[in-house]
Every structure is written in C-alpha cells, then in structure tokens.
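Protein chains get the first letters and strands the later ones, always in sequence-line order, with residue 1 at the start of each.
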Number of protein chains: 2
Amino acid sequence: MSETSSATGHTSDIGSTRVAAYLREAILGGELRPGDRIRQEEVAERLGASRLPVREALRMLEAEGLTEHEAHKGARVPRLSPHEVDVVYRMRERLEPLALAESMPQLGPDEHARLEEVQQRIEDNEDLEKFLDLDREFHMLTYSGCHIDPLMSNVTRLWNSTQHYRRAFVALGGRSRMWVVNSEHRLILDAVVRRDADDGERFLGGHIRRTRIELSHHPEVFG
Amino acid sequence: MSETSSATGHTSDIGSTRVAAYLREAILGGELRPGDRIRQEEVAERLGASRLPVREALRMLEAEGLTEHEAHKGARVPRLSPHEVDVVYRMRERLEPLALAESMPQLGPDEHARLEEVQQRIEDNEDLEKFLDLDREFHMLTYSGCHIDPLMSNVTRLWNSTQHYRRAFVALGGRSRMWVVNSEHRLILDAVVRRDADDGERFLGGHIRRTRIELSHHPEVFG
DNA sequence: ACTCTAGATTTTGGATCCAATCGGTGTCAG
DNA sequence: CTGACACCGATTGGATCCAAAATCTAGAGT
C-alpha cells in the first residue's frame, strides 16, 4: 500500500484525494472491515494532515459506497445484511450487462489482448488477495469502453460495497469453484472478441447470477 | 415538498444538511441548471453560514448525483449528453422494476390508498412543476417498501440527474402525452394492489422504456 | 447489587484565517 | 495584428481554534 504517485505529484494530487486513496486502500484491502468506525483525528494524525481533508475524503468515499455517515456519530464502514448483499448482486446482474453492451463496440485489439492476458494471470494465480484484484481488473477492463459516468460510478459502488463479502466468500470456497469462474470468464471474453453483445450480456448475467446464488447458500460469509 | 430524503438517511438539522437541502431544491426546482457553476462563498453568504458547511453540502450532493467536482475549479451542475440520458433511462428500466419487486410485498392498504390519492391528484393537476413532484412522489411511493439502501440511493441518483431533462420534456410535450402516463400509472397501481410482482415489473419497465424512446425522438430537449 | 442521572471526556460540526491554484487581462515581442 | 507570457484578482483547498453533540464514567439513590 501507500503508493499513490507521490514523487511526481502531478495533476490534482490535493490532500483530500490522497487521504481518500489511503482509506480506500484500507477498506478494499480488508484492513478496515464492515462496522469499523473511522475517527477523523486518528486518520489525520497518521497521514500528517488536518481533520478537514479527512472530512472531505470521507464524503468522497461515501459517494463511492465505501463509508456511511450519521449526524454527530461519525463515519463507519457499512455493514450489509445477507439480503442487502443479495439485492446488490441482483443490481449488478441487471446493470453490468448494460455496461458491457455499451463498452463492447469501443473495445479494440489492444483491449482484447489485455483481457486475454489478465484472464491468463487469473488462471495462473494462486493467491487469494491477488484473485480479488485480478477479477475486478478483468471485469472493469470489459467495461472500459463504457464512458457513461452515471453507469460506471454505480457499478464501482456495487463492487466496493460488496468487496468484503466477496473476499470472505472466495476465502472459504477455495479453488473448487475456480474452474467455473474461469470457464465463465472465457465465455465472456470470447463474446467480447466476437463483439456479440447479446452473448456477452447473457454470459455476464449468468456469471453474476451464479455467484449470487452460491453466495446465498453460504450464510457463514456474514458471520 | 418531496424533500428527497437523500436515501442515505444521515439527516439532522445541522448546517451542512440545511445548505444541501437548499441547493437540492434549487437544482431540482430548475433554478440551477446543468452547466451552472456553484460558488461556495456566494451560497455561504446567502444562507448566512461559512464556506465549510457549503463544501460539505456540495460533497453530499455529489453523492446524490446533483453536482460534480473538479480539482480547483469548483462545483457544477452536471450536464448530460443525450446518449448519457438515454443510458440513465436504460438503467432505470432495469433497476426500478427490481426496487418495485422488493417493495410490493411490504405495501399495505395505507400505502395503496395513498398511491390512489396521489395518482388522482396527478390526473386532476394542470401545473407543470407540480406534475414533476407528483410523478416522482407516485413512483417513490411504490418503492417505499424497499429498504435496501444501495438500491434506493441509486434510484434517487438516477431521478436526480435527469430531473432537468424530464422537465424540459414534459414542458414541450404538454398534455398530449398525459393520458398515456396516467394509463400506465393505473396499470402499475393495479399490479401493486394485486401484489402481482411480475405485472408490476413489466408495466413499470414499459413505462420507463416508452419515456426513453419518446425522449430520444425529441433532441430539442437538450438544446 | 442495580439503575438512573449528571458531569467529564471524546469526537464531530463550524468559523476564521492563510496558502495554493485557476482565469482573465494587459503588455511586449515578432 | 497576433500570439505568448506574466501578473493580478477571484476562488478553492487546508490549518487552527472554538462550539455543540454524543458517549463514557462515576456516583447517588433505591
């Protein structure tokens, strides 16, 4: 962690953005878990900033679905109920095929090659945390041709808010389910290369749907 | 009325919330239009507050899809391209039926009566701005049994970000299209009362879809 | 021993002041 | 006359201090 393009501080590398990046890493990386409280002063001191950019950062993260606020009670990492996670997956099931359909016509040979490479890395990978990153990269890459901000930010929110439960899920599932994931990814990748939007939507929807159903059979994820 | 509730529920009467409510009204009411810049100091002075709660409010509104930020360039009301609006409607087409399906089982006679009353008010109404509020109230009421925050806040965002274009659309369409809206609302209302989720999803999807298609035939809305 | 209340501590919300950055304008060189 | 550059006003970002609210703790009363 703690990368964040420090040396060549180019563009809008303002403090609140750096604080947001730090907290984002901490939440998505699992160091901050659902229900954990985030104290402004603690973060401010740790990053050598004042509380103000921390407040701004927390608002940004709220917009990304990574934190929630209550009046004078501060910020927390949202804890989702099993049913809420189920509905979030149903939302993904409906929204992401749309993003894929918007994206596919814009993707060229470069993106196709990059997708193939990422999928290969997923299949060669053994590490759990790495899988979470690579899987996300794969899907986001398939959406990278979709430049509709309201859609992409929503998709990002949905991934963000369920990241912790996805980690818990693959952690207990192990690699027994891996081959299913990979075969589904291959189907999606093939549809993308063929530019068959209908197949892409269908396979992607099935991919998310299967994950949702399997997740619903494992309530221990929500311990 | 319509108070928007912001779906994220972190409301009190603290300053930033009041500022947010003021700006929200201004944007949804049409006084601030897409592309307009919002200067912190101006708002602060007008409301007798300092710039800090204004900054917080702008972040909240950003989370609701009502403003957008750029590094040192300040806040603006987002301007959506025709294609972006089209995609937002496609998103609504997929998400809102889900919200309705989640909500319907929770709605009782009280909500049904209130829905009937609001729909009647829509049919009796003549005013344009009133229609926007009532229409929103009708749909939000049908979703009021859905307590999944990630879903409801997304739906709210989608309505927020297209409010201006909806106004421009009904403004030029006039009452010629009114009877279609009302008959579709009646179909939805009937499905809700019968607790037929499948019919509800179908009619609602069609309602939004028809609006999207008609909107796509009127590019002058985006003048 | 238990509960309810009141004060103390902690934490968030807000105001003011200062620093950094952006936009526009005017000037000078070609 | 035109374009580039530099300066200046305007505007946003950040730090510190103070006020308000919530939580925690300790004590008194039953």
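- By the neighbour-count criterion of 12 heavy atoms within 6.0 Å, atom CZ of A/R210 is densely surrounded, having more than that number from other residues, nucleotides or ligands.
- Inter-residue side-chain proximity for A/V170 and A/R177 is flagged as unmet; no heavy-atom pair is nearer than 4.5 Å.
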Would you mind building the protein contact string for nucleotides 8-19 of chain D? One character per nucleotide, 5' to 3', B for base within reach (heavy atoms under 4.0 Å), S for sugar-phosphate only, - for untouched.
---SBBBBB---

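- Ionic pairing of A/E137 and A/R114 is present here: one or more N-O contacts between side-chain nitrogen and carboxylate oxygen are shorter than 4.0 angstrom.
- Among residues two or more places apart in sequence or in another chain, the salt bridge (Lys or Arg N to Asp or Glu O under 4.0 Å) test is passed with B/E62 by B/R59.
- Other residues, nucleotides and ligands place no more than 12 heavy atoms under 6.0 Å from the CD atom of B/E41.
- Rounded to an integer number of Å, the gap from CZ of B/R18 to P of D/dA20 is 15 Å.
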